[in-house]
Amino acid sequence: GQQVMQIPQYQHVQEGEDFTTYCNSSTTLSNIQWYKQRPGGHPVFLIQLVKSGEVKKQKRLTFQFGEAKKNSSLHITATQTTDVGTYFCAGPGRDDKIIFGKGTRLHILP
Amino acid sequence: DTEVTQTPKHLVMGMTNKKSLKCEQHMGHRAMYWYKQKAKKPPELMFVYSYEKLSINESVPSRFSPECPNSSLLNLHLHALQPEDSALYLCASSQAPGGPAYEQYFGPGTRLTVT
């Protein structure tokens with residue numbers, strides 16, 4: 001079945017360092033979404049990317065959609081303790097389902 | 001109101017019990033979802049309701065029975081569960097069906113423990 005591969009699984013960074021998580025698909029994606037789940041919380045929608053090569057920014061977060069629409073990345077500049085959580089990408093599967101990547105768990109070291 | 005509410009927050013039930021999880025949204029969304037999430041795993045889709053009709057059942061065991069009484073409410077009836085069914089059960093809604101085209105709003109979840 002269709003899969004969205006996400007790496008790394010875990011990332012520990014010092015506060016103030018940058019962080020990036022990557023999503024890859026073997027097939028072209030019509031769009032990709034990103035969600036954040038805080039520890040003990042629920043997924044919260046961050047953004048949706050639709051266009052080839054699209055780049056969107058939300059404060060310290062930069063989201064990219066690859067030219068071939070097969071990969072995407074989320075980059076956080078100068079991480080803060082509030083960035084702790086698991087970041088999921090989600091792509092379209094068959095029959096209008098959403099397929100979540102396995103997520104990247106971000107730990108911030110003070 | 002951009003909130004999805006779920007009750008109860010926590011539920012402990014025995015394998016012979018019958019219980020129900022409830023979900024409510026007042027955003028006028030026409031698609032509602034049940035997900036199951038195990039620790040350190042992504043949400044797994046269980047059911048999708050589109051315009052109050054069940055449109056997707058991801059081969060979920062019959063001990064889970066969804067119900068959509070109206071466009072704002074979604075229930076998940078539980079019966080004869082197994083310990084491996086212990087998980088966080090998340091409800092979500094989106095503006096319309098067509099899943100990945102629309103952002104999903106998740107509720108806080110019900111943390112279920114089956115003893």
Side-chain angles (χ1 to χ4, degrees), chain A residues 1-11 21 23 25 27-51 56 58 63 65 69-70 72 84-107, chain B residues 2-7 9-10 21 23-25 27 29-51 53-60 87-112:
Chain A
Q2 187 159 4
Q3 289 189 1
V4 177
M5 309 301 293
Q6 190 173 356
I7 56 170
Q9 191 174 359
Y10 301 96
Q11 185 84 58
T21 173
C23 267
S25 169
T27 60
T28 301
L29 303 170
S30 57
N31 67 297
I32 194 157
Q33 296 178 344
W34 286 91
Y35 291 80
K36 176 184 178 181
Q37 185 170 18
R38 293 179 184 272
H42 57 276
V44 175
F45 175 83
L46 293 177
I47 208 158
Q48 177 168 278
L49 304 173
V50 178
K51 298 177 183 176
K56 287 188 175 179
Q58 291 179 351
F63 303 85
F65 201 10
K69 300 182 73 173
K70 290 185 176 181
S72 181
V84 165
T86 302
Y87 293 85
F88 294 102
C89 61
R94 283 185 294 186
D95 302 325
D96 289 339
K97 298 171 197 171
I98 285 184
I99 307 295
F100 282 86
K102 292 193 173 183
T104 297
R105 294 177 71 197
L106 174 61
H107 296 265
Chain B
T2 58
E3 191 181 44
V4 175
T5 59
Q6 286 186 248
T7 56
K9 289 187 178 180
H10 301 274
L21 309 184
C23 173
E24 190 167 5
Q25 58 88 13
M27 295 177 277
H29 287 177
R30 303 314 303 272
M32 296 186 76
Y33 311 80
W34 280 114
Y35 287 88
K36 174 183 177 180
Q37 187 176 31
K38 291 279 210 178
K40 302 181 184 180
K41 299 290 185 184
E44 291 178 44
L45 184 65
M46 300 174 72
F47 302 104
V48 180
Y49 272 83
S50 301
Y51 297 99
K53 292 195 185 323
L54 183 64
S55 60
I56 295 177
N57 176 340
E58 285 290 87
S59 303
V60 179
L88 179 67
Y89 287 84
L90 292 161
C91 173
S93 70
S94 63
Q95 181 181 339
Y102 300 98
E103 69 177 273
Q104 297 205 347
Y105 291 78
F106 284 84
T110 293
R111 192 160 297 281
L112 174 68

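What you see is a predicted model; the values in this text were computed from it and never measured.
Neither the backbone nor the side chain of B:Glu44 comes within contact range of chain A; no heavy atom of the residue lies under 4.5 Å from a heavy atom of that chain. Looking at A:Gln6, there are no atoms closer than 4.5 Å to chain B (heavy atoms on both sides), in backbone or side chain.
Within the 4.5 Å cutoff, no side-chain heavy atoms of B:Phe106 are placed close to those of A:Phe45. You'll find the side chain of B:Gln6 stays beyond 4.5 Å of the side chain of A:His42, heavy atoms only. Annotation: side chain of A:Lys97 is in contact with side chain of B:Ile56 (closest heavy-atom distance under 4.5 Å). Side-chain contact between B:Glu103 and A:Gln48 is absent, with no heavy atoms from C-beta onward closer than 4.5 Å.
Applying the salt bridge (Lys or Arg N to Asp or Glu O under 4.0 Å) rule to B:Arg30 yields the partners B:Glu52; only residues at least two apart in sequence or on another chain are considered.
Of the listed residues (B:Pro43, B:Ala39, B:Gly109), the one with the most heavy-atom contacts under 4.5 Å to chain A is B:Pro43.
For the atom pair A:Ile98 CD1 and B:Tyr102 OH, the distance stands at 12.0 Å (nearest 0.5 Å). Here the NZ atom belonging to B:Lys40 is positioned 9.0 Å from the CD atom belonging to A:Gln9, to the nearest 0.5 angstrom.
Residues A:Gln33 and B:Gln104 have side chains that never bring a donor and an acceptor to within less than 3.5 angstrom of each other.
In this structure, A:Pro43 and B:Leu90 approach most closely via the heavy-atom pair CD-CD1, 3.8 Å.
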- Query: Between A:Phe100 and B:Lys41, does a side chain to side chain contact (heavy atoms under 4.5 Å, CB included) hold up when you go through it step by step?
  - Reply: CA-CA 10 Å; A:Phe100 282 86; B:Lys41 299 290 185 184; over 6 Å; no
